[in-house]
Amino acid sequence: MQSMTLTAALFLLPAAASAEHLLGGRDIDAGAALYAEHCASCHGAELEGQPDWQSPGPDGVLPAPPHDVTGHTWHHDSQLLLDYVRLGGAAALEARGVSGFESGMPGLGDQLSESDILDILGFIRSTWPEHAKRVQQERTHGASD
């Protein structure tokens with residue numbers, strides 16, 4: 001139930017707004033290399049995530065989700081994704097008012113620059129089909145006219 005509550009809470013939170021997509025124009029090749037080095041060990045070399053990622057483990061922590069279209073990464077605004085990687089899952093959600101969420105996602109802001117993180121996220125986004133990119137764009141910037 002914790003994941004359903006978290007998902008509902010994340011959809012209710014306001015998305016960041018800016019003139020152009022935060023993940024647009026990123027260095028996809030650099031992002032792919034950084035993903036392989038810093039993310040693939042948990043989220044999978046093919047962005048497939050860990051098995052049974054929607055069910056908490058014995059420690060109550062959810063396994064690493066997939067970042068391909070079968071997961072929920074594309075359901076979140078770009079600022080949340082940036083904060084999640086930079087600060088770690090629990091801290092990023094705490095900053096948005098969701099307290100007490102146990103996350104296995106460590107903060108990588110001491111290892112990666114903001115530009116590196118955006119390149120990783122740009123790489124991940126580049127693998128999604130157009131409908132997922134459109135939804136994620138709307139979550140980040142609102143529906144376009």
>> Tell me the closest heavy-atom pair linking T70 and P66, and the distance in Å.
In response: OG1-CG, 3.6 Å
> Is a side-chain donor or acceptor of R139 paired with a backbone partner of H75 at a separation under 3.5 angstrom?
Replying inline: yes
> Quick one: do R26 and D116 make a salt bridge, cutoff under 4.0 Å?
Replying inline: no
> Say you draw a straight line from CG of L62 to OG of S103; how long is it, rounded to the nearest 0.5 Å?
Replying inline: 8.5 Å
> Around E46, counting heavy atoms of other residues, nucleotides and ligands shown, do more than 12 lie under 6.0 Å from its CD?
Replying inline: no
>> Using only atom types and a distance under 3.5 Å, with no angle test, would you say the side chain of D83 pairs donor to acceptor with the backbone of A92?
In response: no
>> For a ring pair (Phe, Tyr, Trp, His ring centres under 6.0 Å) check, start with the C-alpha distance between W53 and H43, then their side-chain angles and the critical distance, and finish with the verdict.
In response: CA-CA 10 Å; W53 63 273; H43 292 280; 10.0 Å; no
> Under 3.5 Å, side chain of W74 to main-chain N/O of A132, donor-acceptor pair present?
Replying inline: no
> Looking at T73 and W128, what are the two nearest heavy atoms and their distance?
Replying inline: CG2-CZ2, 3.8 Å
>> Pair L112, L34 - check side-chain contact (heavy atoms from CB on, under 4.5 Å), show working.
In response: CA-CA 9 Å; L112 297 167; L34 288 164; 4.1 Å; yes
>> Show the nearest heavy-atom pair for residues C42 and A64, with the distance to one decimal.
In response: O-CB, 3.4 Å
> Out of curiosity, L118 CG to R86 CZ, how far, rounded to the nearest 0.5 Å?
Replying inline: 10.0 Å
> Between I28 and G122, what is the shortest heavy-atom contact and its length?
Replying inline: CD1-O, 3.3 Å
> Going from OG on S126 to CG on D119, what distance comes out if it is rounded to the nearest 0.5 angstrom?
Replying inline: 11.0 Å
>> Rounded at 0.5 Å granularity, tell me how far CD in Q136 sits from CD1 in I124.
In response: 10.5 Å
> If you look at every heavy atom in S55 and P63, which pair is closest and at what distance?
Replying inline: O-CD, 3.1 Å
> Going through the distances and angles, do S78 and L121 end up as a side-chain contact (heavy atoms from CB on, under 4.5 Å)?
Replying inline: CA-CA 8 Å; S78 297; L121 295 172; over 6 Å; no
>> Working note: E94 + L87, criterion side-chain contact (heavy atoms from CB on, under 4.5 Å); need CA distance, chi angles, decisive distance, verdict.
In response: CA-CA 10 Å; E94 182 74 35; L87 303 173; over 6 Å; no
> How far apart are the closest heavy atoms of G104 and V61, and which atoms are they?
Replying inline: N-CG1, 3.3 Å
> Does Q54 use its side chain to pair, donor to acceptor, with the backbone of D52 at less than 3.5 Å?
Replying inline: no
